[in-house]
**Q** 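Take this structure first; my questions come after.
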Amino acid sequence: MGQDNFAPQKRSSTGGAGGLPTIRNEAGAGGRNRGFPSMPRGRQMHKTFNNIKITILCGFVTILVLRGTIGVGNLGSSEAEAINQNLIEETNRILAEIRSDSDPTDPDESPETELNPNVTYTLGPKITDWDQQRKVWLSKNPEFPNFVNGKARILLVTGSPPNPCDNAIGDHYLLKAIKNKIDYCRLHGIEIVYNMAHLDKELAGYWAKLPLIRRLMLSHPELEWIWWMDSDAFFTDMVFEIPLYKYEKYNLVIHGYPDLLFEQKSWIALNTGSFLFRNCQWSLDLLDAWAPMGPKGPIREEAGRILTANLKGRPAFEADDQSALIYLLLSQKDQWMDKVFIENQYYLHGYWAGLVDRYEEMMEKYHPGLGDERWPFVTHFVGCKPCGSYGDYSVERCLRSMQRAFNFADNQVLKLYGFRHRGLLGPNIKRIRNETATPLEIVDQLDIRRSVHGKTESKS
Amino acid sequence: MIGKCLGAQRCRKIHRTLRRCKVTVFCFVLTVVVLRGTIGAGKFGTPEQDFVEIRDHFYFRRRAETHRALVDEESDDSKLDPDKPYSLGPKISDWDKQRSEWLKENPDYPNFVGPNKPRVLLVTGSSPKPCENPVGDHYLLKSTKNKIDYCRLHGIEIFYNMALLDAEMAGFWSKLPLIRTLLLSHPEVEFLWWMDSDAMFTDMAFEIPWERYKDSNLVMHGWNERVYDQKNWIGLNTGSFLLRNGQWALDLLDAWAPMGPKGKIRDEAGKVLTRELKNRPVFEADDQSAMVYLLATQREQWGDKVYLEHAYYLHGYWGLLVDRYEEMIETYHPGLGDHRWPLVTHFVGCKPCGKLGNYPVERCLKQMDRAFNFGDNQILQIYGFTQKSLSSRRVKKVQNESRNPIEVKDVLRSLHPAFKAVKVSSS
């Protein structure tokens with residue numbers, strides 16, 4: 001660059017005003033412009049031309065460098081990236097379509113009619129003799145008894161919405177949660193119903209469990225208990241068995257604290273994330289009394305206001321099933337409370353925040369089978385809402401904690417097979433017991449079902 | 001400056017040289033930067049890595065935490081000895097005897113839960129990591145619900161696996177160590193039913209004809225001619241098969257496993273399989289091709305206990321079935337299990353959890369929805385509901401509720417089939 005400028009400079013200096021031969025530096029080498037008073041036009045143009053060349057060259061180099069660092073959109077993306085991009089776009093489009101549930105082929109889509117607020121909502125035709133009907137059925141069908149091997153027949157009911165989660169990771173944790181429930185129920189001989197349908201469009205959301213429980217009770221007379229469990233609750237004690245013998249005189253078993261309920265009238269005195277309903281007339285009546293606050297729209301909104309006014313600590317939002325049950329049991333205490341068992345001897349529902357950080361301590365000091373604060377039966381991730389968009393806690397903390405609870409429980413299942421997770425966060429497992437040619441010696445010791453069965457036999 | 005000391009000519013020369021040097025250095029620096037930006041410069045990194053490092057530096061604490069959490073988890077595994085041949089576990093030769101003794105000592109855990117009904121364990125699974133495709137986990141969830149429903153109706157237990165038991169046998173081979181572990185840990189299980197996560201039950205009423213297999217130890221969907229004569233790599237399907245718990249099964253797993261260990265062994269085996277089997281594309285060895293090869297080459301040893309079933313769809317290739325669901329609903333009824341009302345619709349090649357399958361994503365997902373609804377309808381109808389259409393997620397009531405539910409006999413009979421009846425003790 002400098003050389004170009006040199007030749008004309010030299011010529012100009014010799015042909016110029018005859019002064020000192022000065023070295024004129026143009027752009028690129030920093031200026032020591034001693035400046036001849038006037039320059040011929042041609043030289044000026046040449047100078048400008050050189051400046052432009054340099055500018056273009058610099059600009060070109062800058063673009064190259066930027067492209068190397070940031071990239072310039074689709075001018076620079078490679079083919080793999082393009083395929084990736086297409087796939088992501090397509091998936092997002094399909095997701096959007098699925099979520100909107102637009103069904104262009106449905107001709108009978110009648111417009112949603114608002115529920116008449118003057119007509120009391122009912123879950124179904126009133127049944128008054130369910131105990132009798134059930135007894136008749138059981139006597140006619142002895143091959144479907146309500147007690148199997150001395151144990152009452154239980155059905156675990158859970159569910160999630162039919163659409164993909166707003167947050168994709170939510171579906172992954174729903175999957176892990178259902179695997180966790182499958183494991184517990186396999187070890188304890190409990191059947192599972194996983195619901196993904198809105199059986200009653202009036203009672204959607206957390207209220208959806210009411211019509212579902214009623215339907216299942218009436219379709220399965222052989223069931224003695226129906227156990228509702230939220231999709232965000234994990235079993236963390238695989239050995240613990242519900243002590244049903246304690247509840248022979250009761251029809252509803254729910255986790256909570258009597259003083260919070262009766263004295264403080266707190267909206268979290270009980271938890272409807274995990275509870276047991278006996279299959280009987282009393283339960284049908286309770287469901288009928290519980291449902292009226294549920295139908296969505298003005299009824300639910302109005303009910304929400306009543307609940308916030310009457311229960312301690314309740315924020316203002318539409319009526320939820322938990323607050324409604326608490327209000328019902330408080331206001332109609334004499335009618336219902338004699339058959340309600342408020343359980344807090346073990347964590348039929350265990351609030352996660354106080355438990356998840358202590359898992360390592362528990363593994364060191366205690367053992368499965370306790371079910372209480374030493375080794376919680378259920379860890380329930382209230383307020384986390386991994387499936388939805390807005391929870392009360394940070395997403396990262398929730399997900400880490402759910403993963404820890406899952407691994408904590410999974411360790412108890414894998415023990416029979418000779419494995420455990422390396423840590424409570426990662427997916428990897430390691431072998432803790434060498435394989436042998438006589439595996440059955442260990443199976444007897446470690447199979448949880450054998451130890452559970454042994455216990456129930458000794459009790460009966 | 002310096003020039004004044006050395007003389008004007010000298011000075012000019014030095015300036016010239018300096019200028020050239022400056023320009024040279026400047027160009028050199030630019031070249032290095034550009035090259036680093038495009039190609040990367042090995043351990044000196046790329047600008048993207050710089051960005052990542054800077055970002056990480058600001059989140060150092062978080063990194064330290066996760067690092068701490070992972071440090072005890074990712075400790076080094078002892079590397080597999082390359083000279084030792086791979087084995088699934090210590091050789092057991094008397095499993096039948098061990099098992100029958102155990103069954104005798106444990107009458108509370110019989111291997112037959114009914115006169116013609118063996119105890120069955122359905123085994124399926126998926127990766128413990130979230131799917132790369134954001135909707136993949138949702139479809140795994142639906143598929144699991146579908147399996148829960150069928151198994152509840154038919155008295156079958158489920159084992160959902162999310163653990164990689166043997167790092168050597170990753171991918172489609174991971175079922176082998178899992179199956180072996182489960183067979184040995186559950187002697188009460190008579191049949192182990194492996195089912196892929198991308199397979200769905202579409203006939204909720206069909207019960208497997210167990211008596212047909214009383215002399216067989218392995219039941220797969222397939223055709224004898226295609227496996228033994230043509231050596232077709234899709235002559236059978238290992239996405240849904242039944243394996244009887246016994247010594248024969250352990251021996252078969254041992255004979256099946258050698259092509260599995262990942263790396264060189266699997267790649268080499270893949271080449272052998274592509275050469276030997278009909279129509280097989282070039283890729284690493286998979287368990288299905290290995291099974292075809294094993295049966296075709298060692299027929300005398302295994303063939304008499306293998307039943308290749310094609311009278312009903314123990315595995316049903318989705319491409320041939322999904323468009324006909326409406327026709328099936330109109331013309332036929334559940335309980336047939338075959339081309340009229342398939343037992344299983346298996347979405348081979350769709351890979352909803354991964355990124356790239358063999359078919360367009362939209363078709364796969366839409367059809368999986370339809371298959372799910374087709375199966376779910378049969379459950380909902382028992383409870384008096386139905387899906388509005390095969391593509392919709394909404395349900396509607398089809399049967400009015402009664403005040404006397406136990407008199408609605410048909411409903412209760414579907415929910416209480418004979419094969420679920422508990423043995424009534426004669427007292």
Side-chain angles (χ1 to χ4, degrees), chain A residues 1-2 23 28-29 61 64-65 68-69 87 90-91 94-95 101 103 105-106 124-125 127 133 137 142-145 148 162-164 168-169 171-172 174-175 178-179 182 186 191-192 194 196-197 199 215 218-221 414 416-417 419 422-423 425-429 435-437 439-440 443, chain B residues 12 15-16 19-20 23 30 33-34 37-38 47 69-70 72-73 89-90 92 98 102 108 128-130 133-135 137-138 140-141 144-145 148 152 157-158 160 162-163 165 181 184-185 187 355 361-362 365 380 383 385 388-389 391-393 395 401 403-406 411 415-416 421-422 424:
Chain A
M1 233 181 336
I23 300 158
V61 168
L64 264 183
V65 171
T69 52
L87 206 67
E90 199 179 346
T91 313
I94 297 171
L95 260 177
D101 196 358
D103 192 7
T105 62
D106 194 344
I127 299 178
Q133 289 191 40
W137 189 92
E143 65 278 14
F144 291 95
V148 180
N163 294 327
I169 195 76
D171 276 313
H172 183 67
L174 283 175
L175 185 68
I178 189 59
K179 170 198 154 57
I182 290 174
R186 184 183 64 250
E191 291 187 331
I192 304 179
Y194 193 95
M196 271 176 137
L199 297 186
R215 180 104 305 265
L218 298 179
S219 307
H220 291 281
L414 291 175
L416 171 63
Y417 310 112
F419 291 90
R422 285 183 184 276
L425 261 188
N428 297 329
I429 60 171
E435 291 183 271
T436 73
L440 294 178
V443 157
Chain B
R12 221 179 302 143
H15 275 301
R16 211 184 305 161
R19 206 183 311 145
R20 278 194 204 137
V23 169
L30 272 179
V33 168
V34 170
T38 50
L70 291 173
D72 50 292
E73 300 175 21
I92 300 179
Q98 288 189 40
W102 188 93
D108 292 328
K129 303 198 179 109
N133 187 345
V135 273
D137 280 307
H138 180 70
L140 283 175
L141 184 68
T144 307
K145 169 198 157 53
I148 290 175
R152 184 180 66 252
E157 292 185 329
I158 302 179
Y160 195 99
M162 271 177 149
L165 268 56
T181 305
L184 296 178
S185 309
K355 272 199 160 151
V361 172
E362 185 162 358
L365 297 185
L380 289 171
Y383 294 109
F385 292 85
K388 286 193 170 177
S389 81
S391 333
S392 166
R393 285 188 163 74
V395 301
E401 290 184 62
R403 278 183 205 284
N404 290 339
I406 64 161
V411 166
L415 286 173
H416 304 93
V422 166
V424 183

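Each chain gets a letter, A, B and so on, in the order its sequence line appears, and its residues count up from 1. These values consider heavy atoms only, across backbone and side chains, with no hydrogens, waters or symmetry-generated copies. Source: prediction; values computed, not measured.
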**Q** To check you understand the geometry: which heavy-atom pair defines the closest contact between B/Tyr383 and A/His220, and what is its length?
**A** OH-NE2, 2.7 Å
**Q** Judged by atom type as modelled, is there a donor-acceptor pair below 3.5 Å linking the side chain of A/His172 to the main-chain atoms of B/Pro134?
**A** no
**Q** Which bit of B/Glu157 is near chain A, if near means a heavy-atom gap under 4.5 Å: side chain, backbone, both or neither?
**A** side chain
**Q** Measure across B/Lys129 and A/Pro427 and return the closest heavy-atom pair with its distance rounded to 0.1 Å.
**A** CE-CG, 4.1 Å
**Q** For residues B/Ile158 and A/Ile182, report the shortest heavy-atom separation together with the two atoms involved.
**A** O-CG2, 3.6 Å
**Q** Any side-chain heavy atom of A/Pro439 sitting closer than 4.5 Å to one from B/Ile92?
**A** yes
**Q** Taking B/Thr144, B/Leu165, B/Leu140 one by one, which has the highest count of heavy-atom pairs under 4.5 Å against chain A?
**A** B/Leu165
**Q** Measure distances from A/Tyr417 to the heavy atoms of chain B and classify the residue's part below 4.5 Å as side chain, backbone, both or neither.
**A** both
**Q** Please find the pair of heavy atoms, one from A/Leu440 and one from B/Leu184, that lie closest to each other, and give the distance.
**A** CD2-O, 3.8 Å
**Q** Taking all non-hydrogen atoms of both residues, which atom of A/Ala437 and which atom of B/Pro90 are closest, and how far apart?
**A** N-CG, 4.3 Å
**Q** Which atom names give the shortest non-hydrogen contact between A/Leu199 and B/Phe385, and what distance separates them?
**A** O-CE2, 3.3 Å
**Q** As an exercise: rank A/Ile178, A/Leu416, A/Leu174, A/Ile192 by heavy-atom pairs under 4.5 Å with chain B and give me the winner.
**A** A/Ile192
